[in-house]
Amino acid sequence: MNHSMEAHRTDLMTITRYVLNEQSKYPESRGDFTILLNHIVLGCKFVCSAVNKAGLAKLIGLAGETNIQGEEQKKLDVLSNEVFVKALVSSGRTCLLVSEENEEAIFVKPSKRGRYIVVFDPLDGSSNIDCGVSIGTIFGIYLVKDKENPTLDDVLQSGNSMLAAGYCMYGSSCTLVLSTGNGVNGFTLDPSLGEFILTHPDIKIPKKGKIYSVNEGNAQHWDEAITKYVERCKFPTDGSSPKSLRYIGSMVADIHRTLLYGGIFLYPADKKSPNGKLRVLYEVFPMSYLIERAGGQAFTGKQRALDLVPKNIHERSPVFLGSFDDVEEIRALYSAAEGKTSS
């Protein structure tokens, strides 16, 4: 047995240790945020285990119900939603929850209320479960103004008010990416320890990437700016190499690759979906928060994504996320298109 190696393994930065270290920077902190994050991490571990056993446990098939978005719910969707709702309520630190799977916001009963609001998509990309493609959980955390009287207005605010955001990807490994405002860090679940270990400290997205990620099946419905941008990706006029197309169709997996390798993820509005398809509160905001904290940009085609103020909890928006220079190019194309229409 290699004792020096085993000793090294005991000096690991676990996600719990990392969050406690962050907490110690704020002497006035009462530990509520740490407790809440620990409950989210527990939910992620549970869902990871369920995803790994899904085929064996017959959890893959349809649950027979349709969710608020009109999508048929998978059994794993239902299970994941229940797991996160119960984990968040039982933490005693939340007062309001918004889930993709629930039509209405969930108001926590007064005896279990805390100061935080959590918005989440319990299992994003669940249509990919059957073929083993990476899927994930996305979440964002807000602070409530008055925990005794939480209202929908507390959650219908711009993404700039978000305190923390993250996602957990269930794939070849289970990876949790988190930002509490200071940088972005990635943790990988060590199954032998049952702990998330810091494996990607201080993630910085490359300033420019070589990959673009978009569903080209919708190309005939795109506006001129997007058509022009994708054309440039394939046939650059400045002598540079063409970008590679990579599109998984699972937002967590596509954003994870974009965060690590750079490039751009596009989900534009089009003639079929004039308001875009991704949900503002629990998809666009958390991912935009992470991309910006890693040095990238998030844009809707009209404005910075985090400046949006949603009018309802399941509102949708187009979004362009990724390397700073790549998103800047999209912004320039939209500015030019706007200039044409106004002249």
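The analysis underlying the following values was restricted to heavy atoms, covering all of them including side chains, and did not include hydrogens, waters or symmetry mates. In this text, all values refer to a predicted model and were calculated from it rather than measured experimentally. Residues: numbered from 1 along the sequence shown.
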Indicate yes or no for a side-chain donor-acceptor contact from [X] to the backbone of [Y] under 3.5 Å, with no hydrogens or angles considered.
{"X": "N102", "Y": "E104", "value": "no"}
{"X": "T14", "Y": "F196", "value": "no"}
{"X": "R113", "Y": "E148", "value": "yes"}
{"X": "D121", "Y": "Y282", "value": "no"}
{"X": "T227", "Y": "D223", "value": "yes"}
{"X": "T94", "Y": "Y116", "value": "no"}
{"X": "N52", "Y": "S49", "value": "no"}
{"X": "K277", "Y": "Y267", "value": "no"}
{"X": "D124", "Y": "T137", "value": "no"}
{"X": "S323", "Y": "P206", "value": "yes"}

Single-linkage hydrophobic cluster [X]~[Y], side-chain heavy atoms < 4.5 angstrom:
{"X": "L260", "Y": "M169", "result": "yes"}
{"X": "F187", "Y": "L42", "result": "no"}
{"X": "I15", "Y": "F46", "result": "yes"}
{"X": "L143", "Y": "V108", "result": "yes"}
{"X": "Y261", "Y": "L259", "result": "yes"}

Side chains of [X] and [Y]: does their closest heavy-atom pair fall under 4.5 Å?
{"X": "L308", "Y": "Q303", "value": "yes"}
{"X": "E101", "Y": "P122", "value": "yes"}
{"X": "N128", "Y": "C131", "value": "yes"}
{"X": "Y334", "Y": "T300", "value": "no"}
{"X": "Y167", "Y": "M287", "value": "yes"}
{"X": "L36", "Y": "L88", "value": "yes"}
{"X": "I248", "Y": "S134", "value": "no"}
{"X": "E292", "Y": "L306", "value": "yes"}

Work out which heavy atom in [X] is nearest to a heavy atom in [Y]; give both atom names and the distance.
{"X": "A165", "Y": "L290", "answer": "O-CD2, 3.5 Å"}
{"X": "V98", "Y": "A105", "answer": "CG2-CB, 4.1 Å"}
{"X": "S90", "Y": "A87", "answer": "OG-O, 3.1 Å"}
{"X": "S213", "Y": "D254", "answer": "OG-OD1, 3.3 Å"}
{"X": "K25", "Y": "E22", "answer": "NZ-OE2, 2.8 Å"}
{"X": "S158", "Y": "V309", "answer": "CB-CG2, 4.0 Å"}

Enter the distance from [X]:[atom1] to [Y]:[atom2] here, rounded to the nearest 0.5 Å.
{"X": "F107", "Y": "T151", "atom1": "CZ", "atom2": "OG1", "value": "7.0 Å"}
{"X": "M251", "Y": "H256", "atom1": "CE", "atom2": "NE2", "value": "14.0 Å"}
{"X": "L178", "Y": "R293", "atom1": "CG", "atom2": "CZ", "value": "12.0 Å"}
{"X": "S161", "Y": "K145", "atom1": "OG", "atom2": "NZ", "value": "7.5 Å"}
{"X": "S288", "Y": "E283", "atom1": "OG", "atom2": "CD", "value": "11.0 Å"}
{"X": "I106", "Y": "C95", "atom1": "CD1", "atom2": "SG", "value": "12.5 Å"}

* Asked: Does the ring centre of F139 sit less than 6.0 Å away from the ring centre of F84?
  -> no
* Any chance you could lay out the side-chain contact (heavy atoms from CB on, under 4.5 Å) test for H314 and N312, step after step, and finish with the verdict? => CA-CA 6 Å; H314 296 295; N312 66 71; 4.2 Å; yes
* Classify the side-chain pair N160/R304 by whether it contains a donor and acceptor separated by less than 3.5 Å. => yes
* Would you say the side chains of D326 and Y212 form a donor-acceptor pair under 3.5 Å? -> no
Considering the options [options], which one meets the side-chain contact (heavy atoms from CB on, under 4.5 Å) requirement together with [X]?
{"X": "T180", "options": "L163, V19, L37", "answer": "L37"}
{"X": "Y170", "options": "L189, V252, L123", "answer": "L123"}
{"X": "V319", "options": "I291, V280, V284", "answer": "V284"}
{"X": "L97", "options": "I117, V118, V155, V119", "answer": "V118"}

* To do: Just say parallel, tilted or perpendicular for the rings of Y247 and F265, cut-offs at 30° and 60°.
  => parallel
* Asked: side-chain contact (heavy atoms from CB on, under 4.5 Å) between I330 and L266: does it pass, once the steps are laid out?
  -> CA-CA 10 Å; I330 288 265; L266 309 95; 3.6 Å; yes
* Go through the steps for V184 and V177 under the test side-chain contact (heavy atoms from CB on, under 4.5 Å), then give the verdict. => CA-CA 7 Å; V184 180; V177 174; 3.5 Å; yes
* Asked: Within a radius of less than 6.0 Å around NZ of K302, do more than 12 heavy atoms belonging to other residues, nucleotides or ligands occur?
  -> no
* Do the charged groups of K228 and E231 touch, with an N to O distance under 4.0 Å? -> no
* Would you sort out whether D270 and K272 count as a salt bridge (charged side-chain N to carboxylate O under 4.0 Å, His left out), showing the intermediate values? => CA-CA 5 Å; D270 57 34; K272 282 195 309 177; 5.5 Å; no
* Structure fact -> Result for salt bridge (charged side-chain N to carboxylate O under 4.0 Å, His left out) between D325 and one of K207, K210, R331, K208 points to K207
* To do: Starting from the C-alpha separation in whole Å, work towards a yes-or-no answer on side-chain contact (heavy atoms from CB on, under 4.5 Å) for Y289 and I141.
  => CA-CA 11 Å; Y289 184 94; I141 302 171; over 6 Å; no
